[in-house]
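Comments concern the structure below.
One-based numbering along the sequence shown.
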Amino acid sequence: MTTGDPDGRGAGKAAGTSADTLRKVRMAWPSLTLYQRFEEVVALVLTALIALVVVAAMINLCHRIGALLIFGLLDPAEHSVFQAVFGMIFTVLIALEFNHTILGVLQRRDSIVQVRTVVLIALLALARKFIVLDATKVEPLTILGLAAAVLALGAVYWLVRDQDRKERGEAETGIGAGLSCQARRQAAS
């Protein structure tokens, strides 16, 4: 991982392309168990379906923004236009992040979906909800509930990220290698 690539995605590198992913899946196929093959097929189908959703959402977004530009209705100062445009943009971003998660499964970097990524996607969805929310028409208790959900998800994300950092630190230094969690706790005390 490079310093210019903080999340390890390798954006712009050939290793992250779909063709490389499919080639790696084909090469690994003979050594996979029946269930691992099932997971690969499901992940491939989900990736294709989400890609179709992303393409459809992008076409819809381009069409709507184009229509707003043509008819001179694209006024970013108008709250409803801002809500609609950025709500659609967030929808595309959420779908892309979800698709990236599934690609991680195909590339065998991760097991099934990681908790941290699910929490991040949920936070993105809540951020989208706050953007498209019309505060004048929503009950204050609903806004309070959404805010509590954001705080709870933020805390979970922080805890999971902190745990991931601790585990990575132990793996890099060799501390705790081959020990169970309970054995590491006993060794630490």
Side-chain angles (χ1 to χ4, degrees), residues 1-2 4-64 86-132 145-146 149-150 152-172 176-178 180-181:
M1 184 180 330
T2 64
D5 187 17
D7 62 358
R9 293 183 181 190
K13 295 183 180 178
T17 64
S18 297
D20 285 341
T21 300
L22 289 174
R23 184 174 35 81
K24 288 176 184 176
V25 168
R26 275 196 312 267
M27 289 173 53
W29 191 263
S31 64
L32 298 177
T33 65
L34 180 63
Y35 186 76
Q36 288 172 327
R37 289 178 182 182
F38 172 73
E39 281 182 351
E40 294 291 325
V41 169
V42 169
L44 282 168
V45 170
L46 284 174
T47 300
L49 291 174
I50 294 170
L52 289 173
V53 169
V54 169
V55 168
M58 280 300 299
I59 290 170
N60 185 31
L61 178 64
C62 291
H63 179 264
R64 290 219 178 159
F86 282 96
M88 290 185 287
I89 290 171
F90 259 92
T91 300
V92 172
L93 291 175
I94 291 166
L96 284 173
E97 185 61 37
F98 189 62
N99 208 13
H100 179 76
T101 302
I102 295 172
L103 284 173
V105 173
L106 283 173
Q107 294 170 351
R108 291 268 175 235
R109 285 193 321 248
D110 302 320
S111 60
I112 299 299
V113 179
Q114 300 295 304
V115 172
R116 185 170 39 108
T117 306
V118 172
V119 172
L120 177 65
I121 292 169
L123 282 168
L124 284 171
L126 282 171
R128 180 197 177 280
K129 183 68 175 173
F130 274 112
I131 287 174
V132 300
L146 290 170
V150 168
L153 286 170
V156 169
Y157 185 81
W158 180 76
L159 289 170
V160 170
R161 186 198 63 173
D162 192 47
Q163 184 64 33
D164 287 348
R165 284 183 179 170
K166 286 179 183 176
E167 288 175 1
R168 255 185 276 141
E170 288 178 358
E172 289 172 0
S180 68
C181 290

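- In the displayed structure, F38 atom CZ is contacted under 6.0 Å by at most 12 heavy atoms of other residues, nucleotides or ligands.
- Closest of all the heavy-atom pairs between N99 and A51 is ND2-N, 3.9 Å.
- In this structure, A95 and I50 approach most closely via the heavy-atom pair O-CG2, 3.5 Å.
- If you take CD1 on I89 and CE on M58, they are separated by 8.5 Å, rounding to the nearest 0.5 Å.
- Of all the heavy atoms in A57 and V92, the pair that sits closest is CB-CG2, 3.7 Å.
- Atom OG1 of T101 and atom CG of L46 lie 11.5 Å apart (nearest 0.5 Å).
- R161 contributes no side-chain N or O that, together with a main-chain N or O of R116, makes up a donor-acceptor pair within less than 3.5 Å.
- The CG atom of L52 lies 11.0 Å from the OG1 atom of T47; values are rounded to the nearest 0.5 Å.
- Separation of atoms CG (L124) and CG (L153) is listed at 11.0 Å; rounding is to 0.5 Å.
- With rounding to the nearest 0.5 angstrom, the CE atom of M88 is 12.5 Å from the CG atom of L93.
- With a 6.0 Å radius and a threshold of 12 heavy atoms from other residues, nucleotides or ligands, W158 has its CH2 atom at or below the threshold.
- With a 4.5 Å cut-off on side-chain heavy atoms, V150 and F130 count as touching.
- I59 CD1 to R64 CZ: the interatomic distance, rounded to the nearest 0.5 Å, is 13.5 Å.
- L32 approaches R37 most closely through the heavy-atom pair O-NE, 3.5 Å.
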